[in-house]
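Below is one structure, written out as structure tokens; the observations come after it.
Chain letters run A, B, ... following the sequence lines, proteins first, then strands; residues in each count from 1.
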Amino acid sequence: MEYNFEEIEKKWQEYWRDNKIYHVEVDHDKPKFYVLDMFPYPSGAGLHVGHPLGYIASDIYARYKRLKGFNVLHPMGYDAYGLPAEQYAIQTGTHPAITTEKNINRYREQMDKIGFCYDWDREVRTSDPHYYKWTQWTFLQLFNSYYCNKCKKAQPISQLVDILSKNGTEGLDVACTKPMTFTAAHWNAMSEREQQETLMNYRLAYLADTMVNWCPELGTVLANDEVQDGLSVRGGYPVVRKSMRQWLLRITAYAERLLQGLETLDWTESIKDVQRNWIGKSMGASVFFKVADKDIDFEVFTTRADTLFGVTFMVLAPEHEMIDQLTTDAQRKEVQEYVTWAKNRSERERMSEVKKVSGVFTGSYAVNPFNGTRIPIWISDYVLMGYGTGAIMAVPAHDSRDFAFARHFNLPIIQVVAKPGEEPSDPATWTESFDAKEGVLVNSEFLNGLTVKQAILRMIEELEKLGIGKGKTNYRLRDAIFSRQRYWGEPFPIYYKDGMPYAMDIKHLPLELPSIDAYKPTETGEPPLARAKNWVTEEGYPIETNTMPGFAGSSGYYLRYMDPHNENEYFSKEANDYWQNVDLYIGGAEHATGHLIYSRFWNKFLFDLGIACKDEPFQKMVNQGMIQGRSSLAYRVNKEKMAKVTGQKVNCEGPLFVSKNCKDRELFSDPILVDINIVHNDILDTEAFKAWRDDLKDAQFIYEKDKDGNDVFVCDWLVEKMSKSKFNVQNPDDLVAKYGADTLRLYEMFLGPLEQSKPWDTQGIEGTFRFLKKFWKLYQEISDEPATKEELKVLHKLIKKEEEDIERISFNTVVSAFMICVNELTDMKCNKRAILEPMAIMISPYAPHIAEELWHQMGHNDSVVNQKFPEFDAKNVVENTFLYPVSFNGKKRFDLELPLDMKQDEVQNAVVNAPEAKKWLEGVSIRKVIFIPKKIINIVVG
RNA sequence: GCGGAUGUGGCGUAAUUGGUAGCCGCGCCAGACUUAGGAUCUGGUUCCGUAAGGAGUAUGGGUUCGAGUCCCUUCAUCCGCACCA
């Protein structure tokens, strides 16, 4: 019987669906395992072969765990809100829900063909009101919470109100936007409006005026990770800084926990590093400097308190609020000009001109608290308002940025740290600063002779003694801006009374997205939701018109999968207690600073509320690499150049192309990209090429000869990103149609290690297709005779290899092991049920359709999916002898088969007396014999 | 600039703990079958050399009986961060 994959795959996909084979429920008799793919955004382009890579890997793992006796949760759904559908709506007027639905259906159709074991009964979509009810619900919880630094968790805001009304801010240690001090009496005397405004300083979801990344083209603000080089990641439009009233999430309250939590996670070091970097914890000191001749002071943050005697100037950010007070009349004009210029510079300019030094002197001086030196206060845009206090003490000798600034404006440089083992030198001769935290303090009074580390601690001690500074930890992490001026997102369950936001009652959730007449901002620049009719509460209060950003819906989706149809709760306690968190998360590394940090925050907050039982959402994560395209290139002749090179006139009307290996081709031709579908084995189908594009219909070709003397046109190739514009896209549907889903699944895994990026080679898929045909052939006439020792050995070698390799996410080597095994069994002409039955089970995670078919052909009526993975038994693979490689001076010369129980001297004897050894022992004496049982024999001669 | 990853045949890769470098597959070469082959099967395929043999895992060095693997140097490619005080 032929291997008819088309028929087989259709049959079993229907069987699985009709019999709900992949449906899972909480089952306390089995251990749970949760395997999750990162939430896809269903784009209009559909899937190319790179997308299913991670899905296939997680599918294999899920199926394997199931065979190993686990109750496996393996769901899929859609991150359905997003900009592309909305952009399309703006252009065409099509409701984004319609576009999204269409794209989802296409995704689903493509995924179904690949035979994934998702429990589709658990599908969620972020744009579904049943789902976003809980996104809104979580937002309200955040709005109604504050973060207690003492107990290190979120607490109800009502509790804070209690505290404030009893003690004011006395002894309060909570996360806030800026420190506030007031008494209980003061609090109690506030109007409701004032109280509400004060609470905004503490809520975990709060409204504030902030500088945002405003993208005029998209009409919305963007998160930092949605901006690159001053352009929007989606669309590439310019982004400017602008102050706007926005919702923010106080993720900074969780900075330390987000940092510490990384230690408990089984993620790659590189992703953890990216997150550590993003959180950017730095320990240092805050120091207050008095301003000379004025009764004011200002605060700086430094990690190098030890260098305080090396401070020769101060720098404030152009947005610093004390600039006015500090500017002398003589300097006022210049300062104003500079500040205006700096504020108006776009983010893009600022980034591209990082190296350019600019700044202005305020006219004021700060006073060094230890020696009274007057230190000029400057303003420069190399100091950022958003970090620390927006002011620094500049130590040009030991900070490269300060050094550049000092050199540019001719400011003094004082060395205060000597390099290890070196004497201090004249900074005037330096070409760069010495930034390393190594060395010994000099020119620094009581710090002299201390190492940098000691000096930092000592200085902080002194500062605290004087009451002008203290040790302080800073984080680079910023609160997450949570408002988008967009239509296609979750509405905020917030209404405004006297301009103050109030939370809607939970009973009004979900607050459904209203329909509007156009998907653009209003004429007055308000978000699209301002177009909605009756966008007010029952009492007539206006409802918030911003919507939530993309990461709102994707931050807690893995929790909803545990109990996706629950109408009364986000998810039940029972479901959460059982499924806990994700055991294996597979997806791209590009979400390192977005989704993966927001989800962790979201989860920690729900953990604080006591509704999520685990502090971290994703225990183990694997980041699959990209599949690159293999583009084909045809060389187009530059006729003038060719005439010059060959010395002959080129008579040819249409475009002329030259085969890759023609003589001097590189001298007179340039490559153009060719559709990979008209190139086979790097040979161009010239007729198809002419028909491909109108401008090529008269194309002519200079051929080369193949080995049989035929004219062929050979293309060159190139590895690059897979994209439509490069004509190198491989569509999984086409491959499934040609080879079947099982072949595609195997090939995607066979390509190489999951984490690595690798090019897609269309040719190579033939190999896995041949393998499946060979595999199929083994099963044509099953014999019930007992298996031989050799056959059992082959089987058990494979069992061990597959188990070990799947556990360490090495799927490519398992496919290879299967090929070896099938080659061996084919050579043995093995057709024993005792071998082939377990093999069918073992291949089912990789090639479920063929496995199911063969399983049923062997007379079973139940699904192969529900079987038990065969047990490895070491007794089947024991050997009595070992084929030793025999080396002389580390170079292998021959093999020698020896019993495993041989002693060292017997081995030595056997080797020296082996006929092959003679030649290598002539004229030399044996110095040493290295014998490692079951490994190697090495004879050292000389 | 900082941080991370990677570097092995013509190509994708394998070698899990320092122990036979190149498994498996693609491609290529030769042969068989065939009216035919972008089908199937068999054999070969790191490089140099007829061979014996020699060289060989980006580069140069080191540790070791033995290094793709460990340490140091340099180079290349990719990814992330980037005035974060």
Side-chain angles (χ1 to χ4, degrees), chain A residues 268-278 280-282 284 300-304 307 315 350-351 353-357 380-384 386-395 398-402 404-405 435 474-478 589-590 592-593 625-626 630 680-683 707 717 719 746-747 750-753 755-768 770-771 773 801 804-805 807-808 810 812-813 815-823 883-895 919 927-932 934-942:
Chain A
T268 61
E269 266 318 294
S270 72
I271 277 249
K272 287 199 215 175
D273 268 346
V274 169
Q275 291 216 345
R276 285 188 194 110
N277 205 302
W278 193 257
K281 179 179 185 175
S282 61
V300 304
F301 174 74
T302 178
T303 55
R304 295 295 301 273
T307 60
V315 188
R350 210 173 143 146
M351 281 182 168
E353 293 173 9
V354 159
K355 292 269 136 56
K356 262 195 195 157
V357 178
S380 173
D381 67 355
Y382 86 88
V383 174
L384 306 177
Y387 184 77
T389 61
I392 61 152
M393 53 177 232
V395 186
H398 305 290
D399 181 286
S400 55
R401 298 151 304 180
D402 298 344
F405 195 83
D435 295 11
N474 243 319
Y475 299 90
R476 205 173 68 97
L477 188 71
R478 300 270 73 93
E590 68 272 18
T593 54
M626 279 219 305
R630 186 183 187 276
H680 308 282
N681 255 352
D682 290 337
I683 307 288
K707 61 172 166 43
W717 57 274
V719 170
L746 279 169
Y747 186 54
F750 184 66
L751 229 39
E755 297 92 332
Q756 245 170 57
S757 286
K758 55 243 160 187
W760 181 266
D761 174 19
T762 311
Q763 232 69 257
I765 197 168
E766 298 278 351
T768 47
R770 278 181 207 135
F771 158 72
K773 284 192 279 193
K801 179 81 179 156
E804 283 175 359
D805 286 4
E807 297 287 356
R808 66 185 178 104
S810 173
N812 53 325
T813 52
V815 180
S816 164
F818 260 108
M819 288 176 171
I820 294 167
C821 176
V822 166
N823 287 346
L883 190 65
Y884 281 98
V886 180
S887 301
F888 290 84
N889 288 346
K891 252 194 193 355
K892 187 208 155 185
R893 295 303 175 183
F894 61 90
D895 290 315
K919 166 174 178 186
R927 294 248 174 100
K928 199 173 175 186
V929 176
I930 316 279
F931 169 62
I932 314 288
K934 271 198 107 169
K935 292 275 187 204
I936 201 169
I937 299 162
N938 187 18
I939 316 235
V940 186
V941 294

As a test of reading the structure: which of [options] is closest to the side chain of [X], going by heavy atoms?
{"X": "L384(A)", "options": "U20(B), A14(B), C83(B)", "answer": "C83(B)"}
{"X": "D805(A)", "options": "G12(B), U16(B), A21(B)", "answer": "U16(B)"}
{"X": "N277(A)", "options": "G12(B), C81(B), A85(B)", "answer": "C81(B)"}

Sugar-phosphate only, base, or nothing, as touched by N823(A) at under 4.0 Å among non-hydrogen atoms:
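If one applies the 4.0 Å heavy-atom cut-off, N823(A) turns out to touch the sugar-phosphate alone, with no base involved.
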Contact class for N812(A) (heavy atom, under 4.0 Å): base, sugar-phosphate, or nothing?
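Touches sugar-phosphate only.
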Using a cut-off of less than 4.0 Å, is there contact between a side-chain N or O of K773(A) and OP1 or OP2 of U40(B)?
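True: K773(A) side-chain N/O within range (under 4.0 Å) of U40(B) OP1/OP2.
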Pick one for G53(B): is it syn, with its angle within 90° of 0, or anti?
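With its glycosidic angle more than 90° from zero, G53(B) counts as anti.
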Heavy atoms only: give me the nearest N277(A)-R476(A) pair and the separation to one decimal.
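Scanning both residues, the minimum pair turns out to be O-NE, 3.0 Å.
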M393(A) and R304(A): which non-hydrogen atoms are nearest, and at how many Å?
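Scanning both residues completely, I find the closest heavy atoms to be CE-O, 3.6 Å.
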Can you give me the dot-bracket string for RNA chain B, 5' to 3', counting Watson-Crick and G-U wobble pairs with both distances under 3.5 Å, using [ ] for crossing pairs and | for partners on another strand?
(((((((..(((......[....)))((((((.......))))))(((....)))..(.(((..]....))).))))))))....
Run the ring pair (Phe, Tyr, Trp, His ring centres under 6.0 Å) test against Y747(A) and tell me which residues pass, sequence neighbours left out.
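Here the qualifying residues are W760(A).
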Whole-Å distance between [N] [atom2] and [X] [atom1]?
{"X": "F301(A)", "N": "C83(B)", "atom1": "CZ", "atom2": "P", "answer": "17 Å"}
{"X": "K272(A)", "N": "G3(B)", "atom1": "NZ", "atom2": "C1'", "answer": "16 Å"}
{"X": "I930(A)", "N": "G18(B)", "atom1": "CD1", "atom2": "P", "answer": "17 Å"}

With distance as the sole criterion, do the side chain of K801(A) and the base of U16(B) form a donor-acceptor contact below 3.5 Å?
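Flag set: donor-acceptor pair detected.
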